[in-house]
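Note on naming: letters A, B, ... go to the chains in the order of the sequence lines (proteins, then strands), and numbering restarts at 1 for each one. Values reported hereafter were calculated over all heavy atoms of this structure, with side chains retained and with hydrogens, waters and symmetry mates removed.
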Number of protein chains: 2
Amino acid sequence: MTNQQPSLDLMFQALADPSRRGIVERLCAGPASVSELAQPLAMSLPSVMQHLQLLEGSGLIRSEKVGRVRTCRLEPEALSAAETWINDRRVLMERKLDRLEEYLRATAGDEED
Amino acid sequence: MTNQQPSLDLMFQALADPSRRGIVERLCAGPASVSELAQPLAMSLPSVMQHLQLLEGSGLIRSEKVGRVRTCRLEPEALSAAETWINDRRVLMERKLDRLEEYLRATAGDEED
DNA sequence: CAGATACTTAGGCATATGACTAACCAACAG
DNA sequence: CTGTTGGTTAGTCATATGCCTAAGTATCTG
């Protein structure tokens, strides 16, 4: 199996910061250079770099340098890992809730152990 | 674009830690007390408490103290916020990829590398 | 009431995170 | 070659995180 999971830790960590989510949102509209990504962030370029490195480390984005311009783009599959984890939990929860509901119905006027 | 979801920060932050995800996973099987949650964690109780507080602060779990036992349970709706954000991004990404594909198809014989 | 149980609070400590400035390197542009 | 642009590296700093122990509080249990 391709262990394409650098880790959920890094993924969620990456998404936990609004600036980084901002970068991800921006990249949804297509690839962008470092300075393009930096512009709306009210933050020094090195700080943006740090965020980008973290995002890249988490596997969420990928970047490539051509000439003196580094272009960043999203790694579409990456988000799936996080989504899958969350979705699995939700499914389990809902199943649990269903069972609870069922149980409550079953023991509605009748209490047994 | 009103993107003001302060809870997403806390939510993803909460999910970024394996112990906390472990707690969430465990709670999928139903409510549990603090010490039940602590047992598999190889960690002192106060540390577990901290994680629980963070989880509760993020809205992912809810807890209630009866007698001397605090019972924690998942807040099923909470995860949806995170899931929605991720899902939205994925949709945007896929749409973008579709457009890219389309574009590539449209310019297929026009300009080759 | 005495002791055990189940947290809870307080305080401390090491490392991680997120931000900055200053200085540096590598392409262009002229 | 010189200057500008785009990015990178290095070093600093403040705060946050994650863990701990020790000592507290509040319930039960006998």
Side-chain angles (χ1 to χ4, degrees), chain A residues 6-27 29-74 82, chain B residues 3-27 30-74 82:
Chain A
S7 69
L8 284 175
D9 285 29
L10 293 173
M11 187 88 66
F12 284 128
Q13 182 64 45
L15 294 175
D17 183 274
S19 302
R20 287 193 292 264
R21 279 202 310 282
I23 290 173
V24 169
E25 289 180 6
R26 197 178 181 78
L27 287 177
S33 71
V34 172
S35 33
E36 275 171 343
L37 292 172
Q39 260 178 33
L41 283 185
M43 184 188 295
S44 71
L45 213 51
S47 300
V48 175
M49 286 288 294
Q50 238 173 333
H51 285 304
L52 290 176
Q53 277 165 19
L54 208 155
L55 281 166
E56 196 156 9
S58 78
L60 278 169
I61 75 170
R62 174 167 53 92
S63 76
E64 189 188 6
K65 195 164 183 179
V66 176
R68 58 184 165 169
V69 176
R70 176 172 299 279
T71 301
C72 306
R73 70 196 67 232
L74 286 173
Chain B
N3 204 14
Q4 299 263 7
Q5 290 252 358
S7 45
L8 274 182
D9 284 32
L10 295 173
M11 185 91 64
F12 284 127
Q13 182 64 44
L15 294 175
D17 182 273
S19 302
R20 287 193 293 264
R21 279 202 310 282
I23 290 173
V24 169
E25 288 179 7
R26 196 177 183 79
L27 288 177
S33 72
V34 172
S35 34
E36 276 171 342
L37 292 172
Q39 260 178 34
L41 283 184
M43 183 187 298
S44 72
L45 213 51
S47 301
V48 175
M49 285 287 295
Q50 239 174 333
H51 286 304
L52 290 176
Q53 277 164 21
L54 208 154
L55 281 167
E56 196 155 10
S58 78
L60 278 168
I61 75 170
R62 175 166 53 92
S63 76
E64 187 187 7
K65 194 163 183 179
V66 175
R68 59 185 165 168
V69 176
R70 175 171 300 280
T71 301
C72 305
R73 70 196 65 233
L74 287 173

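Atom CD of A:Gln53 is separated from atom P of C:dG18 by 13 Å (rounded to the nearest Å). Rounding to whole angstrom units, CG of residue B:Leu52 and P of D:dG18 are separated by 13 Å. Protein atom CG of B:Leu41 is 15 Å distant from nucleotide atom C1' of D:dC20, rounded to whole Å.
Base contact: B:Ser44 has a heavy atom under 4.0 Å from a base atom.
Put simply, A:Lys65 has no side-chain N or O that comes within less than 4.0 Å of OP1 or OP2 on C:dA26. A close approach under 4.0 Å does occur between a side-chain nitrogen or oxygen of B:Ser33 and OP1 or OP2 of C:dC7. Distances shown here put every side-chain N or O of B:Ser19 at or beyond 4.0 Å from the OP1 or OP2 atom of D:dG18. Taking side-chain N and O atoms only, B:Arg68 has no distance below 4.0 Å to OP1 or OP2 of C:dA4.
Side-chain contact between A:Ile61 and A:Leu52: present, with at least one pair of heavy atoms (C-beta onward) separated by less than 4.5 Å.
Looking at the side chain of B:Arg20, the nearest of the listed nucleotides D:dG7, D:dG18, C:dC7 is D:dG18. Considering only side-chain atoms of A:Ser47, the nucleotide from C:dA19, C:dT5, C:dG18 that sits closest is C:dA19. The side chain of A:Leu54 lies closest to C:dG18 when the candidates are D:dA22, D:dG7, C:dG18. Nearest to the side chain of A:Val69, among D:dG6, C:dT8, C:dA19, sits D:dG6. Considering only the side chain of B:Pro46, D:dC20 comes nearest among D:dT4, D:dC20, D:dG18.
When each of A:Glu36 and B:Met43 is assigned the nucleotide of DNA chain D with its nearest heavy atom, A:Glu36 is the one assigned upstream, toward the 5' end. Position along DNA chain D of the nearest nucleotide to B:Asp17 versus A:Val34 favours A:Val34 as the more 5'-ward residue.
Looking only at distances, a side-chain donor or acceptor of A:Arg20 sits under 3.5 Å from a matching main-chain atom of A:Ala14. Side-chain atoms of B:Arg21 come within 3.5 Å of backbone N or O of B:Leu15 as a donor-acceptor pair.
Of the residues B:Leu74, B:Ile23, B:Asp17, B:Leu27, the one that meets the side-chain contact (heavy atoms from CB on, under 4.5 Å) test with B:Leu55 is B:Ile23.
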